[in-house]
There are 2 protein chains.
Amino acid sequence: MKIVILGGVAAGAKAAAKARRMLSDAEINLYTDDTHISYSACGLPYYIEGNFEDYRMLLVRSPEEFEAVNVHIHLRHRAVKIIPCCKQVLIQDLDNNKVELVDYDKLIIATGARPTIPPIKNINLKNIFTVRKIEDGIAINEKALKSKNAVILGGGYIGIEMLEALVKQNLHVTLFEYSDYIMRHFDPDMSNLIYEQLMSTSDGRFEIYTNELVTEFSGDNNGVNTVKTGSGKVLDVDMVIVAAGATPNVEIAREAGIEIGITGAIKVNDRMQTNFEDIYACGDCVEENLLISNTKIWMPLGSNANKEGRTAGINACGGDDRFHGVLGSAVTRCLSLTMSLTGLTVENAEKIGYEAVFVKVTKNDKVGYMPDVNNITLKLVADKKTGLLLGCQAVGTGDADKRVNTITSALLAKLTVEDFFKNDITYAPPYSPTIDPLLNAAQILLGQLEK
Amino acid sequence: MKIVILGGVAAGAKAAAKARRMLSDAEINLYTDDTHISYSACGLPYYIEGNFEDYRMLLVRSPEEFEAVNVHIHLRHRAVKIIPCCKQVLIQDLDNNKVELVDYDKLIIATGARPTIPPIKNINLKNIFTVRKIEDGIAINEKALKSKNAVILGGGYIGIEMLEALVKQNLHVTLFEYSDYIMRHFDPDMSNLIYEQLMSTSDGRFEIYTNELVTEFSGDNNGVNTVKTGSGKVLDVDMVIVAAGATPNVEIAREAGIEIGITGAIKVNDRMQTNFEDIYACGDCVEENLLISNTKIWMPLGSNANKEGRTAGINACGGDDRFHGVLGSAVTRCLSLTMSLTGLTVENAEKIGYEAVFVKVTKNDKVGYMPDVNNITLKLVADKKTGLLLGCQAVGTGDADKRVNTITSALLAKLTVEDFFKNDITYAPPYSPTIDPLLNAAQILLGQLEK
């Protein structure tokens, strides 16, 4: 039994480990164009921030650990072509450009995603970075220690996390978002709240501009030194972070006839199988089923990649494991602010055809007399007709994430607002007001449902 | 319409406020033997700890605020007798001992609970305190500022919270628990863990003894100065906290023929009605329905009191509101340790007749490379036959409470372990490991269920 895995960050590494445990005598080969495998890419901003000195903290398992259990790791080997009819993959060694045809019985595609590079003049200048690989983190870290001013392109998760990281490294940061809103996974009103809450703590350390396109970089052999924007801003910079989204690496899959889904990522069933019986896919290169609406969504997150890699690894070895999908849950932090969400926003709920109602409450996260009380703003979304809970967004310096996770189970179970209002959330002054903000929100939302 | 409310801390005050909003012309009279109404008794340890200086931070609404909306508050007036057949209550003015008969159309009993006083020699000495009323808090606070050594009787919620409070006020604290375990709402193994984790941070600031009965206090006119225990310990002390449990105040209800439940607290239906149609009860004097098992439990918590007071207030005014019950959720903190639980422990599950299986995992609460990573130990309990989730206990210096609240919704929705394993919990390095400990636990627990 020959198992070939393409890609080895989270999903590929997990699939390899799982396959090894499933079949002790299978021949397992993992090919990656990267120089590292099995690492926490989501941890790069926290490494750059200076939370720990050694980037090796980001590594989960070393190639040696895999080799020790007879999983062969081929670093700097790129998959060039998948030939499903012959069950072969054409692999190129990036160090000597030699190619070889590799046979497989089962193929697992975990080619991940890559940063989207916007077509901006001189974007290839030195000291313009993306945040994806270990090398990116090391290079950004080195440069940040010698820099004073940074520009970030993009106000999504990575842009916002890099803002925290560079501000903590005492750089002055200017973030440009080309659209109307940063953190566009949230509804516009919540994005505005995020913007306002972040700016209220800026104290001159950073600026955030929305509706602002970076049009040109300039610089010299030492690298980028100037950023120009559509509105005519010209900024002196030492470094630039491009965090303008990501693109799933699906090209070789598409060329091989593997079906690509509506989101642009690889389409798989709940066994992580593609339209070819012997080809599985997992991680940032595949799309997910959104459990609430049974629609497709692309959620390239480490947590999903791990679960999908596990399922792909088990099934490639003849097991029967299922990954049912996601709720769209996500969380991040920027300085003192937590932003967390699950399920559908009002915007997304309406796109899918729900008549969405919502309530937004701003409350203390614990009893008001506690010294570390902070506020959170909760937005709870439901279907007006059935009362079905559809989603929750939470933003604040207080414990927003706990509330969102209390809702994840409710979404999974398809609870209505009326059901959820019966919930018995833990209470003590250091953890919650007497009546938790979630129950305040649910109570108000009840009044907006169809009787 | 005459509404009479007996008691005014959480449930009584909430019922009064709700009744006022329901019926603007009802005559509402609230009688309490206390000198304060509408306060956060659960906040007393945090006041004593020194988190805020003014005890009035604990007051939610003043008598004047109630009078302003024509709710008449009678402080230091004790209900002596309820006469259901005449719809009257005999009330005694504690300042002059005069009694009067008060008519009601609807009566709401919110007489709360009182500290249990164990029969220990000289327990009435000065500087031996219970923690229930505002006056208790003020007196303890004053004495603590002048004290060096304190003894606490009882290792339940209040005992543990007072340990934190007095240690933070730089007293040396010795806590005696008469039974085998502190925090007996948890399973014994989790209680042991709580004990071990607390003691590992003691650094000589406090001791905890289980299986140790305090047998005698001695002292003089200045108050208690010595504590003797069953094993022969003799301690010099400046003050003593008695936190040996609580007893629901149900005597006048029982005498009036109001049904008392199996737990010793007043029995009510989901409208908070007693066996007398026009008599409602709510708060610490009533028992609750445990939603998982439809058995009865007594959970005297501020959160429950608030919900019950609301329901009683609405229904006494002719509305129709339901309080369905509780999941047994609770949380507290002692110094850096969080202890949180919901649903059934293994012990309680077995008592009710479930064949309980469980898993216990100790994990990081966030990704290991984050500087503020801490551990949590989760114990997840399920029914072996059906896979129904029954409960969750979480203890640790990490974010234990978030995990327990994620389970509250799952219990409410009667999810199985298999259902729950599909949950999409938010992930980012500052908030969770890639795979949340709850999902690790659920995965292991799956293997213990009947196929």
Side-chain angles (χ1 to χ4, degrees), chain A residues 10 40 42-43 46-47 51-52 57-58 157 161 291 301-307 324-333 338 340-342 367-371 399 401-410 412-415 419-420 422-432 434-436, chain B residues 10 40 42-43 46-47 51-52 57-58 157 161 291 301-304 306-307 324-333 338 340-342 367-371 399 401-410 412-415 419-420 422-432 434-436 439:
Chain A
S40 171
C42 0
Y46 305 99
Y47 162 64
N51 284 312
F52 46 96
M57 297 280 286
L58 296 170
Y157 288 98
E161 288 165 7
L291 292 169
L301 290 175
S303 46
N304 299 337
N306 258 282
K307 294 176 186 174
H324 296 83
V326 301
L327 297 165
S329 308
V331 60
T332 194
R333 182 180 81 182
T338 293
S340 184
L341 85 172
T342 187
V367 180
Y369 50 68
M370 295 304 291
D399 191 349
D401 190 47
K402 174 168 82 175
R403 276 71 191 194
V404 166
N405 278 298
T406 307
I407 297 292
T408 60
S409 301
L412 186 71
K414 300 196 185 295
L415 290 188
D419 295 332
F420 182 78
K422 298 173 195 157
N423 204 358
D424 181 13
I425 293 169
T426 63
Y427 162 65
Y431 298 93
S432 164
T434 321
I435 299 294
D436 195 88
Chain B
S40 171
C42 359
Y46 305 98
Y47 162 64
N51 284 311
F52 46 96
M57 296 281 284
L58 296 169
Y157 288 97
E161 288 165 8
L291 291 169
L301 289 176
S303 46
N304 298 337
N306 257 281
K307 293 175 185 174
H324 296 84
V326 301
L327 297 166
S329 307
V331 61
T332 193
R333 183 181 80 183
T338 293
S340 183
L341 85 172
T342 187
V367 180
Y369 51 69
M370 295 304 292
D399 191 349
D401 190 47
K402 174 168 84 174
R403 275 71 190 193
V404 166
N405 277 298
T406 307
I407 297 292
T408 62
S409 301
L412 186 71
K414 301 195 185 296
L415 290 189
D419 294 333
F420 182 77
K422 297 172 196 158
N423 205 357
D424 181 12
I425 292 170
T426 62
Y427 162 65
Y431 298 92
S432 165
T434 321
I435 299 294
D436 194 89
L439 298 182

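All values below were derived from every heavy atom in this structure, side-chain atoms included, with hydrogens, water molecules and symmetry-related copies excluded.
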K.L.:
Checking heavy atoms, do the side chain of B/Ile435, its backbone, both or neither come under 4.5 Å from chain A?
P.N.:
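Just the side chain, heavy atoms under 4.5 Å.
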K.L.:
Check whether B/Ser340 gets within reach of chain A through its side chain, its backbone, both or neither, counting any heavy atom under 4.5 Å.
P.N.:
side chain
K.L.:
Looking at A/Arg333, A/Lys307, A/Glu161, which makes the most heavy-atom pairs under 4.5 Å with chain B?
P.N.:
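Going by pairs under 4.5 Å, I would pick A/Arg333.
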K.L.:
Below 4.5 Å from any heavy atom of chain A, which atoms of B/Tyr46 appear? Answer side chain, backbone, both or neither.
P.N.:
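Only the side chain of B/Tyr46 comes within 4.5 Å of chain A.
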K.L.:
What pairs with B/Asp436 under salt bridge (Lys or Arg N to Asp or Glu O under 4.0 Å), at least two apart in sequence or on another chain?
P.N.:
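Once residues adjacent in sequence are excluded, the partners of B/Asp436 under the salt bridge (Lys or Arg N to Asp or Glu O under 4.0 Å) criterion are B/Arg403.
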K.L.:
If you count heavy-atom pairs under 4.5 Å with chain A, which of B/Ala330, B/Gly325, B/Ser432 comes out on top?
P.N.:
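That would be B/Ala330.
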K.L.:
Establish, from distance only, whether the side-chain atoms of A/Asp424 and B/Thr408 form a donor-acceptor pair under 3.5 Å.
P.N.:
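The answer is no; no qualifying pair exists.
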K.L.:
When only pairs under 4.5 Å are counted, which of A/Leu341, A/Thr342, A/Val331, A/Thr434 shares the most heavy-atom pairs with chain B?
P.N.:
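Highest number of heavy-atom pairs under 4.5 Å: A/Val331.
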K.L.:
Most heavy-atom pairs under 4.5 angstrom with chain B, which of A/Asp401, A/Asn306, A/Leu415, A/Asn51?
P.N.:
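Max contact count across the listed options: A/Asp401.
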K.L.:
B/Asn405 versus chain A, heavy atoms under 4.5 Å apart: side chain, backbone, both or neither?
P.N.:
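Contact with chain A is through both the backbone and side chain of B/Asn405.
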K.L.:
Supply the atom-to-atom distance A/Thr426 OG1 to B/Ile407 CD1, rounded to the nearest 0.5 angstrom.
P.N.:
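The OG1 atom of A/Thr426 sits 12.5 Å away from the CD1 atom of B/Ile407.
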K.L.:
Under 4.5 Å, counting heavy-atom pairs only, tell me which of A/Ala410, A/Ser409, A/Gly368, A/Pro371 racks up the most with chain B.
P.N.:
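Among the listed options, the one with the most contacts to chain B is A/Ser409.
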K.L.:
Answer with side chain, backbone, both or neither: which region of B/Val326 has an atom nearer than 4.5 Å to a non-hydrogen atom of chain A?
P.N.:
both
K.L.:
Can you name the nearest heavy-atom pair linking A/Tyr369 to B/Cys42, along with the distance?
P.N.:
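The pair with the smallest heavy-atom distance is OH-C, 4.1 Å.
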K.L.:
Which bit of B/Leu327 comes within less than 4.5 Å of chain A, counting heavy atoms only: side chain, backbone, both or neither?
P.N.:
both
K.L.:
I'd like to know if the side chain of A/Thr338 pairs up with that of B/Tyr431 as donor and acceptor (distance under 3.5 Å, no hydrogens or angles considered).
P.N.:
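Result is yes, a qualifying pair exists.
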K.L.:
Relative to chain B, which segment of A/Phe52 carries a heavy atom at a distance below 4.5 Å: side chain, backbone, both, or neither?
P.N.:
side chain
K.L.:
Is it the backbone or the side chain of B/Tyr157 that comes under 4.5 Å from a heavy atom of chain A, or both, or neither?
P.N.:
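For B/Tyr157, there is no contact with chain A at all, as no heavy atom is under 4.5 Å.
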K.L.:
Just jot down the side-chain contact (heavy atoms from CB on, under 4.5 Å) partners of B/Ser303, sequence neighbours excluded, or say none.
P.N.:
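Residues passing side-chain contact (heavy atoms from CB on, under 4.5 Å) with B/Ser303: A/Tyr427, B/Leu301.
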